[in-house]
Every structure is written in structure tokens, then in C-alpha cells.
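One structure follows; several queries about it will come next.
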Amino acid sequence: MTSNSLVRPVLHYVCLDMLVDVVFPLRLSPLTYRVPEGLPHDITGRIVKAPLMHGSRFGLAVDVRMGPGDESIKIKELLDVHDTFASATHLKFLKWLSEYYLSPAGLALKSSFFEEAVSQQTDRRKSKKVVDSTFAGSLPEISGMISPAVVSGILNRVKACSYSALVYHAQDLESEYATLFEMLRQLPADLRGIVVLVPETGFIKKAATFLEQIFGQRLVVLHSKLGKNERAESIKKIISGNSDVILGTRSAMLAPLPHASFIVVIEEQNRSYKGEEGLRYNARDLAVMRAFIDKSCVLLSSICPSIETDFNIRKGKYVQLAKISLQSSEKRPRIKIVTFRTKKQSELSLSSEVINEAGNLLQKKERVLFLVGRKGYSLIRCEDCGHIESCGNCSIPMIFYKSIGMLKCHHCGHERRSSESCGECGSQRIRPFSAGTERVMEDVREALKTPALLVQKARISSPPAKEFNSNNPGLSDFAPFVIGTSLAKRKVGVENKFSAAVLMNIDLLLAQPDFRAYEHAFQEIIEVSQMVKREGSLLIQTKSPGSKVLKCMKHYDFETFADLELSQRKDLDYPPYSRLVLFSVFGKAGGTDLTHLWRVVRSVRDDAVSIFGPVEVPSASKAYGQCHHILLKSRDSRKLHEMAKTLLSGLECDKRIKVVVDVDPLKI
DNA sequence: AAGGCTCGGCGT
DNA sequence: CGCCGAGCCTTG
């Protein structure tokens, strides 16, 4: 402090300036500007123009306050003030978003369609009305599937206009959609600000057709597959207030809606709601937080709720609507657990029971779906030393593609020609094991004398079967046997469900090294059961039919399964009893300064937080050859968050490494 | 994002 | 010795 400030304190007091924090859609924290005379003073939440570096940019004014104008840093002046982008509650939401996911405010803003909003600011020329092909297609049929108790339960909560989180555990997808649409139809006409989230773009078309019937021009769609102009158009409609009903995928939860009165998350357990790059938010969690901030109602619906959601119901944080008994399974496909142990590698990948059932259905011209869970032909194992052919970079098993005689690494994309002998001991006795789609195709052809249709890639939003084409087959095309990985599972229409589905290797799913493996396997069963006719059957091939999980699956017994799962999670202190933050530290191959890494990790110790790692993991990044994981786990989410923040700033001191933080990771 | 700045490789 | 380009750094 110089004597200057001591002799002129009063002057300082009088000459307080109006200051504003501005967030730019860049990897950058808020910057402070002075608001000059002549500009409006009510600027929080508005788009402003401000000098930045050598030029000027649009940013969002997030906080206005009075403050001393002549500190050591030179404060530049705001240039211009434009329209409102974010309401007060939306601002709170954005702030929470960047803090919770440990991301610079600017990145959260960038993910929140700010640039689209600004493009409207500069470019006011009318873009031609996109007459939406999105709204083509027929209405989904509604029969007697609607649950009136659920509909009225939701309506009562929505009308209460206070925060509440509801869960609708539906019996099947058809009744889930039918009930939700009926409920949306019955909403008060003056209720403004509705968000409906679906897990993937493939679900949008049908939902849009339906919602447009109810809301007309109030509806906008918002998802990642929209073009730049279409997206800007949707954002413009939302900001102007012309449209206040948003249907979209995860990113739609970040739309600049002034107030959300009601948010629906369809299939809330779906992992697509969690981002795997950029700002790694979980749209389902955002929905709950947005509803909390806006003091409104959020509805999580699902045919198989996540364990987190079930836990929150048990704790009383969420309210479950008209609990249905999942064990009343008359209307569901029968689930058969088929014991199947391969003794010899040469044996078929299909059990005789599966072959019989499929053969019978084939005679009746009925269709069967085989879900395999692995692409390619198989893995390769040495019968002498037990070595499994693996990728040199990732040290994970490589997939054998018989048709081209290649081994491929699914993780890094590395390919090499398959060899005649074991890479470890040189033995010639190497054999395929653990069947993939190619192998199952071969076996189906051999055992049932009928070729099967291999669904290679999932078609997400293609029009119905009118463009039948054997080069580009889809699930709706007619073929007696369809084979695919679980990627191929899609919502199939009521009219083209399968008579039976076979889950070939549930054991693979159950053996995943992830504490959510059982949960995912259970969800997989429920999802697959939706592709089978009610009177059809679902066959699950397994080596260990006695497992408790499979017993629950057989009876669609979600409650018992959740009991089991929760008690295990509690014993091991896993979510939802604790929370996780996963750090991925990337460095040039061999160049990661491990001593620095360890020093930072050691410096942040806290008894309430467990730290695992750093451990080296295969790096999928091309730019960085090395990746280390550090996992933080704690029951105390505040302390966990604090430590994650400290650790992040500690790690970021080393400029040679790149750090990616994943709060509440789904895959660990 | 984008202009400035540093540092290292390479050419004369 | 000097020029050029890649990548890093900063933004009030």
C-alpha cells in the first residue's frame, strides 16, 4: 500500500465503481470489468460485449457489485450490453454446474449453448424456417397401458410448485411412454418451462410427434445431431420465450430456459446421460439440481431404476409413485436360465436347449434375437500355458476376426495378423474361446441350417423398414434370426418384437471389473426383455446358474436384487454410500513425473477421503502415450470435493501433463 | 479462440 | 547466426 491510498480514503469511498464479472465461453474463469456510465445497470444474466486480449468478445455477466476502481490490475470497461441469456435461477444452476464438475465457468457456459445465443445477437437475418422432418411419422399407439394413479400422482406434485423428485418405475417401455405422454397432455395449459429428456437421439422422433400434438409451436427439439443452424434456431426460440417445452438428449438439460417448472427424465438409469468427454455431467443429476434450484418437480422414470435412484427412494429423498409389483410377470416374457458349460473349445457356443427352442420357433416362422456382447469371432487362448493373445499397448485381450485372419485391440485400435502359435510359449495348440458375433453366426448356421442376419452397427434414427436393404439391415427388417452385440438393442416397435431372445454371455457382463457390473447386467436383461413379445421367452446362457443375481433376474425381482446390491455396496463402501472422483493424468510416454504425482497426492491426505493410485492404465489418447488414474472416494461429499479441488490445482502446476477430472464416474 | 511469445530445429 | 514454425500461455 502506498501513502496515496492512506491520504485519500474518503475519496475512494465516494468513487466506488460498478464492477461486473464476465464469463466467456472459453476455458477461463470469470474476469472483472468496470461498467461505464451510460450502460444499463441491470446486467446480471445478460449477454455483454467486453474487450478481451486484443479484440473484443461476447460474454455473460454473472455478478454485479460495487468496488474500488483502482487496484493494481488495470480494469477494462464493458463495451456493450445485449439481451438476457440466463435468469437468476439459471445463473445459480450454471455456477453449481462449473463448481460441482470442477470445470472453469467458461466451459460450462460454452456447453450451455451460449455461442448459439450470441450468433443470434450478431446475425439477425431470418434463417428459413426448417419445416421439421423431425415431426414425421405415426403416433405411438396407446392402449390400456396408462396408469391413472401415476398420472394423477405426478399432476398433483407438479401443481404444488415446490421442489419434489418423483420416480416412476414402469412395467414396460410402452406403458412408460404412454403414461408419461398422457400426463403431459393433462398438464395445466399455463404451466411454462418443461424439459423432457430421452437417453438417445433414436427416441426423439416418436416423442416429438407426440409432444407436438400436445404443445404445438411451444415445442423445440435439442440434441447433438442437429445442424449448427437448427441448434441456433432452437436456442433462439427458447431465449425469446416463444418455445418453452424442450425435448432432447442430455445436452438439452443445459438449454437457457428461464424457469423449468417440470422436468422428465425418461429411462433415468441409462448411461448415455453421463458425458464421457468435455464437461462430464450426468444430465439426470442436473435435472434434479435444476428442479431443486427452480423449486419445481422432477420426474425420473424407468423400467429398471438405477441403484442410486432406488437408494434415494429408500432414504426418502425421492418419492416413488404407485409402486408396481414387478413380480406379477404374467404380461412379461418368461425368463429361462440355461446352464451351459463348454467343455471343449470345438463345441458350439449354443446350448442344446437354445438350439431346440430356436428350431421350434423357426418352424413356426417366428423370429429369434441372439445378443452376444462381443464383436468378431472370439478370443485366442493357448491350451498349454493359458496365455490369451493380448495387445502390446494395452495388455488387454485382442479380438480374433476369423474372416480376415486378424487380431484387433478394441481399446486402441491396434491390429495384427493372427499367428499360428502362442505369443508366450510358442505352442501350436492355440484355440478360439469366448464366442463373438461371427462365431455365433457360424454356429447358428451349422446347428439350425439357416443363415442369420448380423446387425453390425446400431441404426439410431433411421426411418422404418421401408428402405429394406440387405447391406444395411436393421432390427425391424424381417429375418428369422438376428445376431448383434448389445449395441444393437434398440426400442423396437410393438409390431416387430421377437418371439425369443438369447443372451449368450451374461457371464461376461457379470465378470466386468466394475462395481456396477451386476447392476448393468440386470438392466441389460430388463432392456432386452422389452424386445421380446409378452408371451415370448428370454433365454440366458450361463456357466453358473446358481448365482443370486440370476435368480432375481429370472423373476424380474428388482427389489431383492436392489437389497442385495445395496448391502454389497455398503460393505465395500461404494456408491451410493460413498462418492467418487476419478482423475486421469495424461503424459508423454515415459515422461510423466511420477515423483511429482506422488508428492501432490501425498500432500492432500485427509482421513475422510480414500485415495487409490496413481496406477498406470492403458492410454487411449494418441497425443499422450501414458495415463495414470487417481481415484478419490469418500462418504463426505464436501470433503471429497474440497480434496478434488486441491488435487486438481496441485496437478495442474505441472504443465507437461494433462488432467481430466470425472466427478461421479460411471466407468472405473 | 486467437494473438503473442518462447524455444528448438535447421538452413545458409 | 538467424529465420521459421509448433506449441504453450494469457486473457481483467
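Every chain is numbered from 1 and lettered A, B, ... according to where its sequence line falls, protein lines coming before strand lines.
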Practice task
Return the value, rounded to whole Å, for the distance between atom CZ of A/F58 and atom P of B/dA2.
Solution key: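 To the nearest whole Å, that distance equals 14 Å.
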Handout entry: Spacing of A/K49 atom NZ relative to C/dG12 atom P, expressed in whole Å
Key =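 Computing the A/K49:NZ to C/dG12:P distance gives 16 Å.
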Exercise for the section: Please state how far atom CG in A/L52 lies from atom C1' in C/dG12, giving the value in whole angstrom units. Expected result: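 Going from A/L52 (CG) to C/dG12 (C1'), I get 8 Å.
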Practice task
Walk me through it: do A/E268 and A/T309 pass the test side-chain hydrogen bond (donor to acceptor under 3.5 Å, both in side chains)?
Solution key: CA-CA 9 Å; A/E268 64 85 21; A/T309 295; 2.9 Å; yes
Practice task
Step through it carefully: locate the ring centre of A/H82, locate the ring centre of A/F58, and say whether they are under 6.0 Å apart.
Solution key: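 Here the rings of A/F58 and A/H82 have centres that are less than 6.0 Å from each other.
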Practice task
Report the distance from atom CG of A/L79 to atom C1' of C/dG12, rounded to the nearest whole Å.
Solution key: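 Atom-to-atom, A/L79 to C/dG12, this comes out as 12 Å.
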Practice task
Please determine if a side-chain N or O atom of A/K655 lies less than 4.0 Å away from the OP1 or OP2 oxygen of C/dG7.
Solution key: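 Result: no.
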Practice task
Start with the C-alpha distance between A/R65 and A/D21, add both sets of side-chain angles, then the distance that settles salt bridge (charged side-chain N to carboxylate O under 4.0 Å, His left out), and finish with yes or no.
Solution key: CA-CA 9 Å; A/R65 61 183 186 281; A/D21 283 343; 3.1 Å; yes
Practice task
Would you mind telling me which of C/dT11, B/dA1, B/dG3 lies closest to the side-chain atoms of A/H54?
Solution key: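 Nucleotide nearest to A/H54's side chain: B/dG3.
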Handout entry: Nearest-Å distance for atom pair CZ/P, residues A/R57 and C/dT10
Key =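 Rounded to the whole Å, the gap is 18 Å.
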Problem - Distance in Å, A/R599 CZ paired with A/H596 NE2, rounded so as to fall on 0.5 Å steps - result: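 A/R599 atom CZ to A/H596 atom NE2 measures 5.5 Å (nearest 0.5 Å).
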Practice task
Give the dot-bracket string for DNA chain B, reading 5' to 3', where a pair is Watson-Crick or G-U wobble with both distances under 3.5 Å, ( ) marks pairs inside the strand, [ ] marks pairs crossing earlier ones, | marks a partner on another strand, and . marks unpaired.
Solution key: |||||||||||.
Handout entry: Under 3.5 Å side-chain donor-acceptor pair for A/D664 and A/Y100
Key =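 Distance-only check passes for A/D664 and A/Y100.
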Exercise for the section: Run the salt-bridge test on A/E308 and A/R516 with the 4.0 Å N-O cut-off and return the result as yes or no. Expected result: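 Looking at A/R516 together with A/E308, the answer is yes, because their closest N to O distance falls below 4.0 Å.
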Practice task
When you get a sec, tell me which of C/dG12, B/dG3, C/dT11 is the closest nucleotide to the side chain of A/M53?
Solution key: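 Selected nucleotide: C/dT11.
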Handout entry: Spacing of A/K74 atom NZ relative to C/dT10 atom C1', expressed in whole Å
Key =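 In whole Å, C/dT10 C1' and A/K74 NZ are 10 Å from each other.
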Handout entry: Between P of C/dT11 and CD1 of A/I75, the distance in whole Å
Key =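 So the two atoms are 14 Å apart, to the nearest Å.
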Practice task
Using whole Å, report how far CG of A/D654 lies from P of C/dC8.
Solution key: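 Atom-to-atom, A/D654 to C/dC8, this comes out as 12 Å.
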Problem - Test: A/R638 and A/D636 ion pair at under 4.0 Å - result: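 A salt bridge is absent here (no side-chain N lies under 4.0 Å from a carboxylate O).
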